[in-house]
Amino acid sequence: MKGQNQSSVVDFILLGFSNFPELQGQLFGVFLVVYLVTLMGNAVIILVISLEQSLHVPMYLFLQNLSVVDVSFSAVVMPEMLVVLSTEKTVITFAGCFAQMYFLLLFGGTECFLLGAMAYDRFAAICHPLSYPVLMNQRVFVKLVGSSWVSGIMVATVQTSWVFSFPFCGPNEINHLFCETPPVLELACADTFLFEVYAFTGTVLIVMVPFLLILLSYLRILLAILKMPPTTGRQKAFSTCGSHLTSVTLFYGTASMTYLQPKSGYSPDTKKLLSLAYSLLTPLLNPLIYSLRNSELKRALMKLWRRKADLHTF
């Protein structure tokens, strides 16, 4: 019987903002621009760090990995979202919905752990500068990056497999922009209490614990900065930490509000806005926050630009 119920739904319909048809055209234009800027910004970071040997240090290699995650995250979410906004109703197959949820969780989970690793890197560099080469050697860096990706894969595999093990016997309309766990779970024809307990516990461990560790790291960093002489360097460090914390709070805050209660009392439109905050804004803002304020990265970009100009001259 369970197998029959599961096979009764062969595809899903993504409703998007179909209740606001007059806004869909404008939203399509805005989201398309955001997607292109996100791809371009993160691609530039990946390319510059790959080509500039002086940037092959943990801080920038972490940033390069973050840009890879953000580009991948956007590529999973944005094309389907644009299709949803260009039509009244968008059909996505059962397998397509599974794949989208899987990679959404994979890259989202990886980013959670990667941001934590980046905060530890900054903590070690600022609070323990003399010990930094030992605390963040190549082996430690590889372990931190590798464990972030492996953790993301494990989260995605467990959660997606569990969600799609539930029977779906109809209706098949997902009142959302993409196949995210909470709106898909609402269509399950079974008791999902155990999964909700797992989702709550998992969100606390995967989202809230790294977030709290990041806050503690930045608190120690800020205390260390306060002990520095009152120079422009201190002001720059304050500015950088503030920008990083803004990005981190936006990502972790909206993600935790979405996943702490899979069947929460938020309205469907509120859930869509929360999802957009971490799936749309974070990949867009990260290149700006982590790069435009970084003089070394800007110098490397200008160096590569001049090198390209010189090649064209000759």
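Numbers here are sequence positions counted from 1. Here the structure is a predicted model, which means the values were calculated and not measured. Excluded from the calculations below are hydrogen atoms, water molecules and symmetry mates; all remaining heavy atoms, backbone and side chain alike, are included.
- Summarising the geometry of T110 relative to G152, their closest heavy-atom pair is OG1-CA, 3.6 Å, with the distance given to 0.1 Å.
- Summarising the geometry of I46 relative to S67, their closest heavy-atom pair is CG1-CB, 3.7 Å, with the distance given to 0.1 Å.
- By the 6.0 Å contact criterion, CD on E22 is enclosed, its count of non-hydrogen atoms from other residues, nucleotides or ligands being greater than 12.
- Of the inter-residue distances, the one linking M118 atom CE with M59 atom CE reads 7.5 Å to the nearest 0.5 angstrom.
- By the disulfide (SG to SG under 2.5 Å) test, C112 pairs with no residue at all, sequence neighbours left out.
- In this structure, the side chains of V71 and T38 stay at 4.5 Å or more apart for every pair of heavy atoms.
- Tracing side-chain contacts under 4.5 Å through hydrophobic residues (I, L, V, M, F, W, Y), one never reaches M302 starting from M40; they form parts of separate clusters.
- When ring centroids are compared, F62 and F141 come within the 6.0 Å threshold.
- Note that the CG atom of L66 and the CD1 atom of I45 stand 8.0 Å from one another [nearest 0.5 Å].
- In this structure, the side chains of V163 and V184 come closer than 4.5 Å at one or more pairs of heavy atoms.
- Two rings, from F12 and F168, have their centers less than 6.0 Å apart.
- The pair R299-E52 does not count as a salt bridge, with every side-chain nitrogen at least 4.0 angstrom from each carboxylate oxygen.
- Here CG of L144 is found 12.0 Å from CZ of R139. Values are rounded to the nearest 0.5 Å.
- Linking ILVMFWY side-chain heavy atoms closer than 4.5 Å, directly or via other members, places M154 and M208 in two distinct hydrophobic clusters.
- V150 and Y120 are members of different hydrophobic clusters when ILVMFWY side chains are connected at heavy-atom separations under 4.5 Å.
- Atoms OG1 and CD, from T90 and E80 in turn, are 6.5 Å apart once rounded to the nearest 0.5 Å.
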Go through it in stages, so that I can follow the logic: the residues are S86 and L82, the test is side chain to side chain contact (heavy atoms under 4.5 Å, CB included), and I'd like the CA-CA distance, side-chain angles, deciding distance and then a yes or no. CA-CA 6 Å; S86 63; L82 292 171; over 6 Å; no
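- Side-chain N/O atoms of S161 and Y102 include no donor and acceptor closer than 3.5 Å.
- L135 is not listed as a side-chain neighbour of V140, based on a closest heavy-atom distance of 4.5 Å or more.
- Checking N65 against E111 by side-chain atom types alone, no donor-acceptor pair falls below 3.5 Å.
- Using a 4.5 Å heavy-atom threshold, the side chains of F73 and Y278 count as touching.
- A 4.5 Å side-chain heavy-atom check between I49 and L61 finds at least one atom pair inside the cut-off.
- Nearest heavy atoms, P129 versus I126: CD-O, 3.6 Å.
- Checking side-chain atoms of T93 against main-chain N and O of G96 turns up a donor-acceptor pair under 3.5 Å.
- Summarising the geometry of G108 relative to F251, their closest heavy-atom pair is O-CZ, 3.7 Å, with the distance given to 0.1 Å.
- Ring planes of H176 and F178: perpendicular class, angle over 60° (limits at 30 and 60°).
- Contact annotation: the side chain of P287 never approaches that of V44 to less than 4.5 Å [non-hydrogen atoms, C-beta and beyond].
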Y35 vs M81, side chain to side chain contact (heavy atoms under 4.5 Å, CB included): CA-CA, chis, key distance, verdict: CA-CA 10 Å; Y35 182 43; M81 195 186 298; over 6 Å; no
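- Between V69 and W149 the shortest side-chain heavy-atom distance falls below 4.5 Å.
- Residues V83 and P79 have side chains not in contact (no heavy-atom distance under 4.5 Å, counting atoms from C-beta outward).
- A pairwise comparison of heavy atoms in A224 and C127 identifies CB-SG, 4.0 Å as the closest pair.
- Hydrophobic clustering places L39 together with M78 (ILVMFWY residues linked when any side-chain heavy atoms are closer than 4.5 Å, directly or through intermediates).
- Checking N175 against K271 by side-chain atom types alone, no donor-acceptor pair falls below 3.5 Å.
- Remark: of the listed residues L205, V204, V209, T203, T203 is the sole one forming a side chain to side chain contact (heavy atoms under 4.5 Å, CB included) with V207.
- In this structure, V30 is a member of the same hydrophobic cluster as V33, with clusters built from ILVMFWY side-chain heavy atoms closer than 4.5 Å.
- A side-chain N or O of S50 and one of Q64 form a donor-acceptor pair less than 3.5 Å apart.
- Proximity of a side-chain donor or acceptor of N137 to a complementary backbone N or O of V134 within less than 3.5 Å is detected.
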Under the criterion side chain to side chain contact (heavy atoms under 4.5 Å, CB included), I'd like the reasoning laid out for L281 against L276: C-alpha separation, chi angles, the key distance, then a yes or no. CA-CA 7 Å; L281 290 181; L276 286 175; over 6 Å; no
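- Separation of atoms CG (L177) and CG (L15) is listed at 10.0 Å; rounding is to 0.5 Å.
- Between the side chain of Q24 and the main chain of L85, a donor-acceptor pair closer than 3.5 Å is present.
- Within the 6.0 Å centre-distance limit, the rings of Y252 and F211 are counted as a close aromatic pair.
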Run the numbers on F164 and F94 for ring pair (Phe, Tyr, Trp, His ring centres under 6.0 Å), then give the verdict. CA-CA 9 Å; F164 282 89; F94 196 87; 5.2 Å; yes
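- One finds the SG atom of C97 at 10.0 Å from the CG atom of D11 (value rounded to the nearest 0.5 Å).
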Where do L105 and M101 land on the side chain to side chain contact (heavy atoms under 4.5 Å, CB included) test, with the steps shown first? CA-CA 6 Å; L105 290 167; M101 184 185 293; 3.9 Å; yes
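- Nearest heavy-atom pair, A190 versus F166, reported as atom, atom and distance to 0.1 Å: CB-CD2, 4.0 Å.
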